[in-house]
Amino acid sequence: QVQLVESGGGLVQAGDSLRLSCAASGRTFSIYHMAWFRQAPGKEREFVAAISWRSSITYYADSVKSRFTISRDNAKNTVYLQMNSMKSEDTAVYYCAAGTWSSTAVQAMGSYDYWGQGTQVTVSS
């Protein structure tokens, strides 16, 4: 079992930066990928970014590429999402996810079997 806890959400103004953290515990050695998804009010949950736990290869949604950076600290069992130049459309609940099997479909929710509780990010214009 893997437990994920997100933190770092809050209220910011457009153009500001925010850094989210996701602390993993339990069987962290079994993780292949970790990812961030987000869900805005009235919308479907969407992929934001993913990182290979061992190789550090990263993947990004087109909507956040060049603005967001995903990274990990294996020693701390933590993944981060650095969000820069934030826009009002970034407002959403952000969820951390972990997948325990090797998958090439890193953007798919079905590739992840553990999820955090979510952290609210609100960007005012």
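All figures in this text were calculated on a predicted structure; none of them were measured in a lab.
- The CG atom of Asp62 sits 10.0 Å away from the CZ atom of Phe47 when rounded to the nearest 0.5 Å.
- When every heavy atom of Tyr60 is checked against every heavy atom of Ala49, the shortest pair comes out as CD2-CB, 3.7 Å.
- For the pair Leu20/Glu6, no side-chain contact is recorded, criterion being any heavy-atom separation below 4.5 Å from C-beta on.
- The OG atom of Ser125 sits 13.5 Å away from the NZ atom of Lys87 when rounded to the nearest 0.5 Å.
- By the 4.5 Å heavy-atom criterion applied to side chains, Met34 and Arg72 are not counted as neighbours.
- Atom CD1 of Ile51 and atom OG1 of Thr69 lie 10.0 Å apart (nearest 0.5 Å).
- Neither Val106 nor Ile31 shares a network with the other; the hydrophobic side chains, linked directly or stepwise wherever heavy atoms of I, L, V, M, F, W or Y lie under 4.5 Å apart, form separate groups for each.
- Met86 is not listed as a side-chain neighbour of Asp16, based on a closest heavy-atom distance of 4.5 Å or more.
- At least one side-chain heavy atom of Tyr80 sits less than 4.5 Å from a side-chain heavy atom of Arg19.
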List the atom pairs, donor and acceptor, that lie under 3.5 Å between side-chain atoms in residues 91-101 and the rest of the protein, sequence neighbours left out.
| unit_1 | atom_1 | unit_2 | atom_2 | d |
| --- | --- | --- | --- | --- |
| Thr91 | OG1 | Ser88 | O | 3.0 |
| Thr91 | OG1 | Val123 | N | 2.9 |
| Thr91 | OG1 | Val123 | O | 3.4 |
| Tyr94 | OH | Arg38 | NH1 | 2.9 |
| Tyr94 | OH | Asp90 | O | 2.6 |
| Thr100 | OG1 | Asp113 | OD2 | 2.6 |

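- Put simply, the residue from Glu46, Glu44, Arg45 that forms a side chain to side chain contact (heavy atoms under 4.5 Å, CB included) with Met109 is Arg45.
- Side-chain contact check for Ser7 versus Thr119: every heavy-atom pair is 4.5 Å or farther apart.
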Item to complete: Assess whether ring-ring contact (aromatic ring centres under 6.0 Å, His included) is satisfied between Tyr112 and Phe37, documenting all intermediate values.
Response: CA-CA 11 Å; Tyr112 303 91; Phe37 288 77; 5.6 Å; yes
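- In the displayed structure, Arg27 atom CZ is contacted under 6.0 Å by at most 12 heavy atoms of other residues, nucleotides or ligands.
- In this structure, Gln117 places its CD atom where more than 12 heavy-atom neighbours from other residues, nucleotides or ligands lie under 6.0 Å away.
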